[in-house]
Peer 1: 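Supplied in C-alpha cells, the structure appears directly below.
Labels below follow one simple rule: chain letters A, B, ... track the order of the sequence lines, proteins then strands, and each chain is numbered from 1. Keep in mind that the numbers below use all heavy atoms, side chains included, and drop hydrogens, waters and symmetry copies.
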Amino acid sequence: MTAMPQTPTVLHAPVIDWFDEHARDLPWRRPEAGPWGVMVSEFMLQQTPVSRVLPVYEQWLARWPRPADLAAEPPGEAVRAWGRLGYPRRALRLHGAAAAITERHGGDVPRDHAKLLALPGVGEYTAAAVASFAYGQRHAVLDTNVRRVFARAVSGAQYPPNATTAAERKLARALLPEEEPVAARWAAATMELGALVCTARTPSCARCPIAGRCAWKAAGSPAHDGPPRRGQTYAGTDRQVRGKLLAVLREAVGPVPQSALDAVWDEPVQRARALDGLVADGLVEPLADGTYRLPLT
DNA sequence: TACTCGTGGTT
DNA sequence: TAACCAAGAGT
C-alpha cells in the first residue's frame with residue numbers, strides 16, 4: 001500500500017502557483033476552444049506529443065467546429081484528416097463520439113462523467129480530463145504525467161507501475177483539492193509539471209516547485225528497480241504494415257487497387273493479415289470490384 | 001492482466 | 001543507434 005501523505009494540501013499552492021507562471025499557451029486551453037475543442041485535443045493527445053498535435057488540431061477545429069459538423073461526414077474523412085498522428089482508430093472513435101453527441105446529447109459535449117465515459121474512445125482518463133478541463137469539475141485526472149509526478153513526489157519511485165493501480169487512484173483522490181475550481185486547476189497543473197519539469201528521462205528538479213518535498217529526490221533519486229518497462233518494438237510488426245497500407249489509402253483520392261497495397265510490403269501473409277485487421281476495425285472498406293477505400297459509413 | 005494499436009522526435 | 005518516450009482505449 002502506498003504511503004499517504006500526512007498533509008496533502010501542502011503540495012497544492014506551490015504546484016498551482018508554478019502553473020500560473022509557467023503554463024503553456026495551448027489552443028485547447030483558451031476559452032474559445034470550448035468543450036468540443038477540449039475533447040478533440042484529448043483524443044489527439046492520447047500517446048501523442050503536443051508538438052505533433054498542434055497543426056492537426058487547428059485544421060480539425062476549423063473544418064469541424066462542432067460535433068455535428070464532424071458527424072455529418074463519412075468516417076473516412078476523419079481518418080484522412082487524422083494524417084500521421086498515429087493510432088488512427090482514434091479518428092474513427094472521435095467520429096463515433098461526435099455522432100453519439102449529436103444523436104444523444106443534442107450536439108453538446110456532455111458534462112456528466114458517466115455520459116462522457118459511455119462515448120467511444122473515452123476512457124477513464126479522457127472522461128475525467130474533459131469533465132475537469134472543459135467544465136471545471138473535480139475529478140482525479142491520472143495520465144502518464146500525473147502518475148509519474150505522484151510516483152516520485154509521494155511514493156518515492158522513479159516511475160509508476162506499468163498499469164494504473166487502485167493505490168494510484170486512491171492516492172490521486174486523496175490529493176485532490178476540496179474546492180471544485182481548485183481541483184480542476186490542480187489537475188492541469190500536475191499534468192503540466194510532469195510534461196515540462198518532472199519528465200521521464202531527465203527531470204529538471206532544479207526547476208521543480210516541490211523538489212523540497214519530493215520523496216524520490218529525498219531518497220537520493222534511486223533508479224527504477226521493478227520489472228522492466230515493456231519496450232515498444234515496431235519494425236516488422238503488423239502495426240508498421242497497417243500504417244503503410246493506410247497511408248496509401250489516406251493519400252489516394254478514390255478507391256485503390258489491390259496492387260497498390262501489395263506494393264507496400266513484401267510478405268503476403270502478414271500483409272493480408274494487416275489488411276484484414278484494418279477492414280475488421282472499420283478503417284478500410286473493401287469494394288465489390290476488389291479495390292479498397294477509406295470508409296464511407 | 002497483458003497485449004495490441006502508429007508515428008516520429010530524442011538520447 | 002537502438003531504445004525510449006509521448007494528455008490511453010479496448011479487449
Peer 1: Base, sugar-phosphate or nothing for Arg201(A)? Non-hydrogen atoms, less than 4.0 Å.
Peer 2: base

Peer 1: Looking at Arg148(A), does any N or O in its side chain come under 4.0 Å of the phosphate oxygens OP1/OP2 on dA6(C)?
Peer 2: yes

Peer 1: Does any non-hydrogen side-chain atom of Tyr292(A) lie less than 4.5 Å from one of Leu249(A)?
Peer 2: yes

Peer 1: If I take atom CZ in residue Arg239(A) and atom C1' in nucleotide dC3(B), what distance separates them, rounded to the nearest angstrom?
Peer 2: 10 Å

Peer 1: With DNA chain B as reference, determine whether Thr202(A) or Tyr234(A) sits nearer its 5' end, using the nearest nucleotide of each.
Peer 2: Tyr234(A)

Peer 1: Write down the distance between CG (Leu54(A)) and C1' (dA7(C)), rounded to a whole number of angstrom.
Peer 2: 12 Å

Peer 1: Does Thr126(A) make a side-chain N or O approach to OP1 or OP2 of dA9(C) shorter than 4.0 Å?
Peer 2: yes

Peer 1: If you measure from the Lys or Arg side-chain nitrogens to the Asp or Glu carboxylate oxygens, is any gap between Arg271(A) and Asp262(A) under 4.0 Å?
Peer 2: yes

Peer 1: Does the side chain of Arg29(A) get closer than 4.0 angstrom to OP1 or OP2 of dA7(C) through an N or O atom?
Peer 2: no

Peer 1: Taking the C1' atom of each, how far is dG6(B) from dA6(C), in whole Å?
Peer 2: 12 Å

Peer 1: How far, in whole Å, is dG9(B) from dA9(C) if one measures between their P atoms?
Peer 2: 25 Å

Peer 1: When we call it a touch if two heavy atoms are under 4.0 Å apart, what does Trp28(A) touch: a base, just sugar-phosphate, or nothing?
Peer 2: base

Peer 1: With no hydrogens and no angle check, do the side chains of Glu42(A) and Tyr125(A) hold a donor and an acceptor under 3.5 Å apart?
Peer 2: yes

Peer 1: CZ of Arg242(A) versus C1' of dC3(B): gap in Å, rounded?
Peer 2: 14 Å

Peer 1: Please confirm whether the shortest side-chain N or O distance from Gln46(A) to OP1 or OP2 of dA7(C) is below 4.0 Å.
Peer 2: no

Peer 1: Could you check which of dG6(B), dA7(C), dG10(C) has an atom nearest any side-chain atom of Met191(A)?
Peer 2: dA7(C)

Peer 1: What about Thr48(A), does its side chain sit under 3.5 Å from the base of dG6(B) through a donor-acceptor pair?
Peer 2: yes

Peer 1: What's Val141(A) touching, base or sugar-phosphate or nothing? Going by heavy atoms closer than 4.0 Å.
Peer 2: nothing

Peer 1: Between atom CE in Met39(A) and atom C1' in dG8(C), what is the gap in whole Å?
Peer 2: 14 Å

Peer 1: Distance check needed: dC5(B) P versus Asp281(A) CG, whole Å only.
Peer 2: 8 Å

Peer 1: Which class fits the ring pair Phe150(A) and Trp186(A): parallel under 30°, tilted 30 to 60°, perpendicular over 60°?
Peer 2: parallel

Peer 1: Give one of base, sugar-phosphate or nothing for Tyr159(A), where a contact means two heavy atoms less than 4.0 Å apart.
Peer 2: sugar-phosphate

Peer 1: Determine whether a donor-acceptor pair (N or O, by modelled atom type, separation under 3.5 Å) exists between the side chain of Arg173(A) and the backbone of Ala140(A).
Peer 2: no

Peer 1: Output yes when at least one side-chain N/O atom of Arg89(A) is less than 4.0 Å from OP1 or OP2 of dG10(C), else no.
Peer 2: no

Peer 1: In whole Å, I'd like the distance from the CZ atom of Phe43(A) to the C1' atom of dA6(C).
Peer 2: 18 Å

Peer 1: Nearest nucleotide by nearest heavy atom, which residue falls closer to the 5' end of DNA chain C, Arg24(A) or Val122(A)?
Peer 2: Arg24(A)

Peer 1: What does Thr237(A) touch in the nucleic acid at a heavy-atom separation under 4.0 angstrom: a base, only the sugar-phosphate, or nothing?
Peer 2: nothing

Peer 1: Regarding Glu124(A), tell me which of base, sugar-phosphate or nothing describes its non-hydrogen contacts under 4.0 Å with the strands shown.
Peer 2: sugar-phosphate

Peer 1: Rounded to whole angstrom, note down the P distance from dC5(B) over to dA2(C).
Peer 2: 23 Å

Peer 1: With the side chain of Arg52(A) defined as its heavy atoms from C-beta on, choose the nearest nucleotide among dC5(C), dA7(C), dT7(B).
Peer 2: dT7(B)

Peer 1: Taking NZ, NE, NH1 and NH2 as the nitrogens, is one of them in Glu285(A) or Arg293(A) under 4.0 Å from a carboxylate oxygen of the other?
Peer 2: yes

Peer 1: Base, sugar-phosphate alone, or nothing: which one does Arg273(A) contact when heavy atoms must sit under 4.0 Å apart?
Peer 2: nothing

Peer 1: In plain terms, say whether Glu73(A) and Arg80(A) are close enough for a salt bridge, that is, a side-chain N and a carboxylate O under 4.0 Å apart.
Peer 2: no

Peer 1: Give Gly86(A) one of three labels, base, sugar-phosphate or nothing, depending on what nucleic acid heavy atoms sit under 4.0 Å from its own.
Peer 2: base

Peer 1: Which nucleotide in the set dA7(C), dC5(B), dA9(C) lies at the smallest distance from any side-chain heavy atom of Asp238(A)?
Peer 2: dC5(B)

Peer 1: Contact class for Ala200(A) vs. all strands (heavy atom < 4.0 Å): base, sugar-phosphate, or nothing?
Peer 2: sugar-phosphate

Peer 1: So what does Leu142(A) hit on the nucleic acid, given a heavy-atom distance under 4.0 Å: a base, only sugar-phosphate, or nothing?
Peer 2: nothing

Peer 1: Surrounding CG of Asp266(A) (heavy atoms of other residues, nucleotides or ligands, distance under 6.0 Å), is the total greater than 12?
Peer 2: no

Peer 1: When the C1' atoms of dG8(B) and dT1(C) are considered, how many whole Å apart are they?
Peer 2: 15 Å

Peer 1: Would you mind classifying the nucleic acid contact of Arg84(A) as base, sugar-phosphate or nothing, using non-hydrogen atoms under 4.0 angstrom?
Peer 2: sugar-phosphate

Peer 1: Rounded off to whole Å, could you give me the CE-to-P distance for the Met44(A) and dG8(B) pair?
Peer 2: 15 Å

Peer 1: Report the distance from atom CG of Leu92(A) to atom C1' of dC5(B), rounded to the nearest whole Å.
Peer 2: 13 Å

Peer 1: So what does Leu85(A) touch, heavy atoms closer than 4.0 Å: a base, only the sugar-phosphate, or nothing?
Peer 2: base

